[in-house]
Structures are given as C-alpha cells and as structure tokens.
K.L.:
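Sending over a structure as structure tokens; questions will come in a sec.
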Amino acid sequence: MSANRPGVQQLKNPWNFLALGFGSGLAPVAPGTFGTLAAIPIYLLVAMLPLQWYLLVLLLVSLAGITICSKAASNLGVHDHPAIVWDEIAGFLVTMILAPSGWLWLLAGFVFFRLFDILKPWPIRTIDKRVSGGTGIMLDDIIAGLFACLCIQLLAFYLRG
C-alpha cells in the first residue's frame, strides 16, 4: 500500500499498530477524531488512578509517543501522516487532567481538544510547522491538550461558582 493511504496490513508492525491508534487512524475521514475516540477507553481506565499515577501514565504515553510516532512516520514515509494518532491519544489524556467526572465533561474535553487540534492557534501551528520528528508530532497535540485542559478547568470553576 502507498505511503499516502496506509492499509490494515500496516497494523502488523507494532510501531504502526500503536501509532495508528490500534487501527483508529485508518478511518477514511477525520482520522484524528477517530484517534481521539480511541483515547476515551484509555482515559476511562487511567482516570481511576490517583493523580500522581495518572500523570506518570501520561508521561510514559507521551515520551513513548516520540519514538512510536517517529518510527511509524519513517515506516509510512511521511512526516506526521494523518493516520498517526498516538499524539491525539496523549493530547486527550492531557486535556482530561483533573477533569470532573461524568459524560458531559468527557464530551466537553473531546470537543475542546478537537477544536484546538484542528484550528491550531498560536503557538500550536508554529510548533507543528517548525518542530520535526516524533517530538514535533507529539508536541503540538500535547499543547492543544493543555489549552483544552485549561478550558475544562475554567468551565468547571465557572460552573462551581
């Protein structure tokens, strides 16, 4: 299969399997959205952990993501191929740090993260264009997650007050 459109056979490679979000990145449209959807069950599993363990998992997912995304980009022959969605998984986990529990907050986190990931306001767009390799693939989504996390926290603060 060409580098432009990876297929299911790409999932046989463990780096690709992870980078392509367990297959969610192979969606023919909006692979980033499907990658973020794949992050929800992961979030639901780690959300039960104490904060320090949640942050440790997030750190491991993010650091491992640099290598995972770098190797998959090399395998696919395209830097930051749209099918690579491990960065969306990490970014969504960042979004949901200390988020209140409940489906509405999960939905709000999803929407905020996707908006920042798609619109790429400054400095996300600049980082996306200037930082290369696995670090670049991961960093713009982590920052989008930080912006979305801030929105969740501000919304929660406003609704409590």
Side-chain angles (χ1 to χ4, degrees), residues 1 5-73 75-76 78 80-120 124 128 134-156 159:
M1 195 111 213
R5 178 103 175 173
V8 176
Q9 76 279 1
Q10 294 287 342
L11 299 176
K12 293 177 183 176
N13 178 309
W15 297 111
N16 292 356
F17 178 73
L18 293 172
L20 301 181
F22 320 108
S24 63
L26 295 177
V29 294
T33 298
F34 281 90
T36 306
L37 286 171
I40 291 174
I42 297 168
Y43 165 71
L44 292 173
L45 286 173
V46 299
M48 298 178 275
L49 297 172
L51 178 60
Q52 65 270 23
W53 289 103
Y54 182 97
L55 294 175
L56 179 63
V57 168
L58 174 57
L59 180 65
L60 293 173
V61 164
S62 299
L63 290 175
I66 294 170
T67 300
I68 291 166
C69 293
S70 178
K71 290 192 179 282
N75 293 340
L76 297 172
V78 179
D80 205 0
H81 192 286
I84 296 174
V85 295
W86 186 267
D87 49 334
E88 272 79 12
I89 293 170
F92 185 72
L93 292 177
V94 170
T95 298
M96 299 306 287
I97 295 170
L98 292 173
S101 61
W103 286 102
L104 287 177
W105 291 104
L106 191 66
L107 178 62
F110 180 87
V111 169
F112 281 131
F113 175 69
R114 291 307 303 143
L115 282 174
F116 285 113
D117 189 31
I118 292 167
L119 297 177
K120 297 191 185 313
I124 299 167
D128 185 46
T135 302
I137 294 171
M138 292 296 297
L139 193 55
D140 67 305
D141 285 73
I142 288 171
I143 295 172
L146 288 171
F147 282 21
C149 180
L150 178 63
C151 290
I152 291 286
Q153 295 307 314
L154 289 172
L155 184 60
L159 291 177

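As the structure is a prediction and not an experimental result, all values here were calculated from the model.
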K.L.:
Do Leu139 and Asp128 have side-chain heavy atoms sitting under 4.5 Å apart?
P.N.:
no
K.L.:
With heavy-atom distances below 4.5 Å as the criterion, would you say the side chains of Trp15 and Thr67 are in contact?
P.N.:
yes
K.L.:
Determine whether Phe34 and Pro31 make a side-chain contact, defined as any pair of heavy atoms from C-beta on separated by less than 4.5 Å.
P.N.:
no
K.L.:
Taking the side chain as C-beta and beyond, is there a heavy-atom pair between Ser70 and Ile137 under 4.5 Å?
P.N.:
no
K.L.:
Rounded to the nearest 0.5 Å, how far apart are CE of Met96 and CZ of Phe112?
P.N.:
11.0 Å
K.L.:
Identify the heavy atoms of Tyr54 and Leu93 that sit nearest to each other, and give their distance.
P.N.:
OH-O, 2.6 Å
K.L.:
With sequence neighbours excluded, tell me which residues meet side chain to side chain donor-acceptor pair (under 3.5 Å) with Lys120.
P.N.:
Asp117, Asp140
K.L.:
Check whether any side-chain heavy atom of Ile89 sits under 4.5 Å from a side-chain heavy atom of Phe22, and report yes or no.
P.N.:
yes
K.L.:
If you draw a 6.0 Å radius around CG in Leu45, do more than 12 non-hydrogen atoms from other residues or ligands fall strictly inside?
P.N.:
yes
K.L.:
I'd like to know if the side chain of Gln153 reaches the main chain of Leu98, judged simply by a donor and an acceptor atom lying under 3.5 Å from each other, with no hydrogens or angles considered.
P.N.:
yes
K.L.:
For Leu63, give me all partners under side chain to side chain contact (heavy atoms under 4.5 Å, CB included), at least two apart in sequence or on another chain.
P.N.:
Leu59, Ile66
K.L.:
Measure the shortest side-chain to side-chain distance between Leu76 and Leu20 over non-hydrogen atoms and say whether it is less than 4.5 angstrom.
P.N.:
yes
K.L.:
Could you tell me whether a side-chain N or O of Tyr43 sits under 3.5 Å from a main-chain N or O of Ala38, the two making a donor and an acceptor?
P.N.:
no
K.L.:
Check whether any side-chain heavy atom of Glu88 sits under 4.5 Å from a side-chain heavy atom of Phe113, and report yes or no.
P.N.:
yes
K.L.:
Drop me the distance from Cys149's SG to Ile143's CD1, to the nearest 0.5 angstrom.
P.N.:
13.5 Å
K.L.:
How long is the span from the CE atom in Met138 to the CD1 atom in Ile68, to the nearest 0.5 Å?
P.N.:
8.0 Å
K.L.:
Do you know which two heavy atoms are closest between Ser24 and Val85, and how far apart they sit?
P.N.:
OG-CG2, 3.7 Å
K.L.:
Please report the interatomic distance CD1(Ile124) to CD1(Ile142), rounded to the nearest 0.5 Å.
P.N.:
11.5 Å
K.L.:
To the nearest 0.5 Å, how far apart are CG in Leu107 and CD1 in Ile40?
P.N.:
8.5 Å
K.L.:
Restricting to ring-ring contact (aromatic ring centres under 6.0 Å, His included), what partner residues turn up for Phe110, sequence neighbours left out?
P.N.:
none
K.L.:
For residues Ile152 and Pro100, report the shortest heavy-atom separation together with the two atoms involved.
P.N.:
CG2-CD, 4.1 Å
K.L.:
Rounded to the nearest 0.5 Å, what's the gap from CG on Asp141 to OG on Ser62? Could you check?
P.N.:
10.0 Å
K.L.:
Considering all heavy atoms of both residues, which atom of Ala73 and which atom of Asp80 are nearest to each other, and what is their separation?
P.N.:
CB-N, 4.2 Å
